[in-house]
Amino acid sequence: MFWLFKTDPETYSWDDLVKDGKTIWDGVRNFQARNYLEKVAPGDLILIYHSQSDKAVVGIAKAVSSAFPDPTAESSNWVAVEIVPVVALPQKVTLQAIKSNSELANLPLIRQSRLSIMPIEDSAFYRICEMGGVDVKSFIRK
DNA sequence: GCCAACGTTGGC
DNA sequence: GCCAACGTTGGC
């Protein structure tokens, strides 16, 4: 499956992920986001979106674990996944560009701006890759 | 900095 | 169980 994870670059950016090489995506404290996060499987590809100052999809990451209990959560029932960076988009895909594309205008990203983890349709994923100047075939094997 | 959207909390 | 008040997030 394909996903989009949202992050505030002031808190944790794509560059931080690249520098770390691998990270635990934790701290999700929203039920709807958690329900999606629980469905993430190893090998799933993830668009990384910068909110706030950037407002653009900046890179593609890959899940390398399935959901496990969030180590930063005091009570149980919250989950995290481990992800690694795959490729930075040569051109970032801005929120404005996504909004103005009729194929993408009904993404949860647009409709429900506060949701931080969301599934992405295959066609939308490929379209965003294309807009970002990424050759999908270079890292997806069918 | 403001506002809209949404979630959470607490009084009733 | 409802709803007002408040907090947080994110776009503008």
Side-chain angles (χ1 to χ4, degrees), chain A residues 1-140:
Chain A
M1 282 196 69
F2 298 117
W3 306 94
L4 184 146
F5 286 8
K6 192 182 292 185
T7 184
D8 176 1
E10 306 249 322
T11 307
Y12 194 86
S13 68
W14 167 260
D15 288 342
D16 292 328
L17 175 60
V18 169
K19 190 168 42 157
D20 292 347
K22 187 196 248 192
T23 198
I24 294 174
W25 206 266
D26 56 22
V28 173
R29 296 292 182 274
N30 171 285
F31 287 108
Q32 203 182 348
R34 185 206 63 187
N35 292 342
Y36 287 134
L37 195 57
E38 280 178 334
K39 297 193 178 119
V40 174
D44 285 357
L45 292 169
I46 302 155
L47 298 169
I48 301 295
Y49 173 82
H50 279 172
S51 64
Q52 310 280 30
S53 54
D54 227 12
K55 282 173 300 210
V57 177
V58 294
I60 298 169
K62 184 172 70 172
V64 292
S65 81
S66 42
F68 57 90
D70 184 343
T72 69
E74 287 169 20
S75 61
S76 54
N77 293 356
W78 298 113
V79 296
V81 296
E82 202 166 33
I83 70 171
V84 296
V86 176
V87 63
L89 299 189
Q91 309 154 250
K92 52 188 180 182
V93 179
T94 63
L95 182 65
Q96 202 182 10
I98 291 170
K99 269 185 160 172
S100 59
N101 184 309
S102 58
E103 282 178 60
L104 303 175
N106 62 351
L107 284 187
L109 181 70
I110 310 299
R111 298 202 329 269
Q112 206 180 337
S113 68
R114 292 186 54 189
L115 187 61
S116 59
I117 308 265
M118 68 195 76
I120 295 289
E121 297 282 323
D122 293 11
S123 58
F125 182 88
Y126 294 134
R127 171 45 58 97
I128 290 170
C129 286
E130 190 186 317
M131 290 163 77
V134 160
D135 179 10
V136 181
K137 296 192 197 91
S138 67
F139 60 91
I140 294 185

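Labels below follow one simple rule: chain letters A, B, ... track the order of the sequence lines, proteins then strands, and each chain is numbered from 1. These figures come from a predicted structure and were not determined experimentally.
- Between A/K55 and C/dT9 there is no side-chain polar atom (N or O) within less than 4.0 angstrom of OP1 or OP2.
- A donor-acceptor pair shorter than 3.5 Å cannot be found between the side chains of A/D15 and A/S13.
- In this structure, A/L115 atom CG and B/dG7 atom P are separated by 9 Å, rounded to whole Å.
- Following rounding to the nearest Å, A/K99 (NZ) and C/dG11 (P) show an atom-to-atom distance of 8 Å.
- Salt bridge A/K62/A/D44: absent, no basic N to carboxylate O contact under 4.0 Å.
- Going from atom CG of A/D8 over to atom C1' of C/dG11 covers 13 Å, rounded to whole Å.
- In this structure, A/I117 places its CD1 atom 16 Å from C1' of C/dG10, rounding to the nearest Å.
- Separating the CZ atom of A/R114 from the P atom of C/dG7 is a distance of 14 Å, rounded to the nearest angstrom.
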CA sep, side-chain torsions, deciding dist, call: A/I60, A/C129, side-chain contact (heavy atoms from CB on, under 4.5 Å): CA-CA 9 Å; A/I60 298 169; A/C129 286; 3.6 Å; yes
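- Residue A/E38 qualifies as enclosed at atom CD: its count of foreign heavy atoms under 6.0 Å is above 12.
- Contact between the side-chain N/O atoms of A/Y49 and the OP1/OP2 oxygens of C/dT9 is not found at any separation under 4.0 Å.
- Rounded to an integer number of Å, the gap from CD of A/Q112 to P of B/dA4 is 18 Å.
- Across the protein-nucleic acid pair, A/L95 atom CG and C/dG10 atom C1' stand 10 Å apart, rounded to whole Å.
- A/Q32 places its CD atom 20 Å from the P atom of C/dT8, with the value rounded to the nearest Å.
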